[in-house]
Amino acid sequence: AVVSTQSGHYGRALSINFDIYLNKILMELQESAIGLRTKAMKALAAIISADPNLLHRNELRLGVHGRFRDQAASVREAAVDLVGRFVLDKPQLTLQYYPMLSERILDKGIGVRYVPFPVSRQ
């Protein structure tokens with residue numbers, strides 16, 4: 001009973017503060033350190049896996065879109081991977097994110113170029 005009460009408390013605290021946490025992660029996308037930006041993209045992927053509809057949020061779309069053109073290939077690759085996981089399951093997302101994905105097919109980073117291909121073949 002104690003465990004379920006505690007997990008219920010943490011769940012409520014998380015849902016109450018969700019926008020604060022999400023905004024902090026989105027702010028990390030602007031950091032100068034490549035590793036922080038990459039980890040922020042991976043954190044967003046974990047959050048979005050719980051609710052892909054979050055990709056409809058304007059602030060999230062803008063944050064991800066900016067990382068599609070990041071100077072670091074690892075950040076661009078993480079952005080393409082994040083969107084590629086969910087875009088085919090949600091037709092509305094396809095319309096929003098396809099132009100961004102299609103640009104990355106010609107990316108100078110090899111890892112970035114190969115991420116969209118499995119997405120488009122499925």
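Model, not experiment: these values are computed from the prediction.
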message: A quick test of your reading: do over 12 heavy atoms of other residues, nucleotides or ligands sit less than 6.0 Å from CD1 of I110?
response: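 At most 12 heavy atoms, drawn from other residues, nucleotides or ligands, come within 6.0 Å of this atom.
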message: Ignoring hydrogens, what is the shortest heavy-atom contact between S49 and P52? Give both atom names and the distance.
response: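 Minimum heavy-atom separation between S49 and P52: O-CD, 4.2 Å.
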Nearest non-hydrogen partners of G109 and R76, listed with the distance: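 Looking at all heavy atoms of both residues, the closest pair is N-NH2, 3.9 Å.
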- request: Could you walk me through whether L26 and E59 pass the side-chain contact (heavy atoms from CB on, under 4.5 Å) test, one step at a time?
  value: CA-CA 8 Å; L26 289 171; E59 69 271 20; 3.7 Å; yes
- prompt: Under a single-linkage definition using a 4.5 Å side-chain heavy-atom cutoff for Ile, Leu, Val, Met, Phe, Trp and Tyr, are I25 and I34 assigned to the same hydrophobic cluster?
  reply: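 As far as the 4.5 Å side-chain criterion goes, I34 and I25 are connected within one cluster.
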- request: Is it possible for you to say whether F18 and L55 belong to one hydrophobic cluster, with membership spreading through side-chain heavy-atom contacts below 4.5 Å?
  value: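 F18 and L55: one cluster.
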At what distance, to the nearest 0.5 angstrom, does [atom1] of [X] lie from [atom2] of [Y]?
| X | Y | atom1 | atom2 | value |
| --- | --- | --- | --- | --- |
| L22 | N17 | CG | CG | 12.0 Å |
| I47 | D51 | CD1 | CG | 10.5 Å |
| L82 | Y97 | CG | OH | 8.0 Å |
| N53 | I48 | CG | CD1 | 10.5 Å |

task: Among L29, T38, V80, L36, find the residue that satisfies the side chain to side chain contact (heavy atoms under 4.5 Å, CB included) test when tested with V75.
output: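 Output: one option passes, namely T38.
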message: Checking side chain to side chain contact (heavy atoms under 4.5 Å, CB included) between M41 and each of D81, V64, D70, which is the one that passes?
response: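 Looking at D81, V64, D70, the match for M41 under the side chain to side chain contact (heavy atoms under 4.5 Å, CB included) is V64.
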- prompt: Salt-bridged, E103 to R69, with N to O below 4.0 Å?
  reply: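 Salt bridge between E103 and R69, a charged N being under 4.0 Å from a carboxylate O: yes.
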field: Carboxylate-amine/guanidinium proximity below 4.0 Å for D19 and R57
entry: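 The answer is yes: the pair qualifies as a salt bridge.
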- request: Evaluate the criterion side-chain contact (heavy atoms from CB on, under 4.5 Å) for residue pair R37 and R67; output intermediate values, then yes/no.
  value: CA-CA 8 Å; R37 293 194 312 270; R67 296 310 96 202; 3.7 Å; yes
pair Q96-R61: side-chain heavy atoms closer than 4.5 Å: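 Yes, close enough: below the 4.5 Å cut-off.
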message: For a 4.5 angstrom cut-off between non-hydrogen side-chain atoms, does L106 reach R113?
response: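 Heavy-atom side-chain distance check fails, nothing below 4.5 Å.
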F68 and L101: CA distance, side-chain angles, deciding distance, side-chain contact (heavy atoms from CB on, under 4.5 Å) verdict: CA-CA 8 Å; F68 268 81; L101 280 173; 4.0 Å; yes
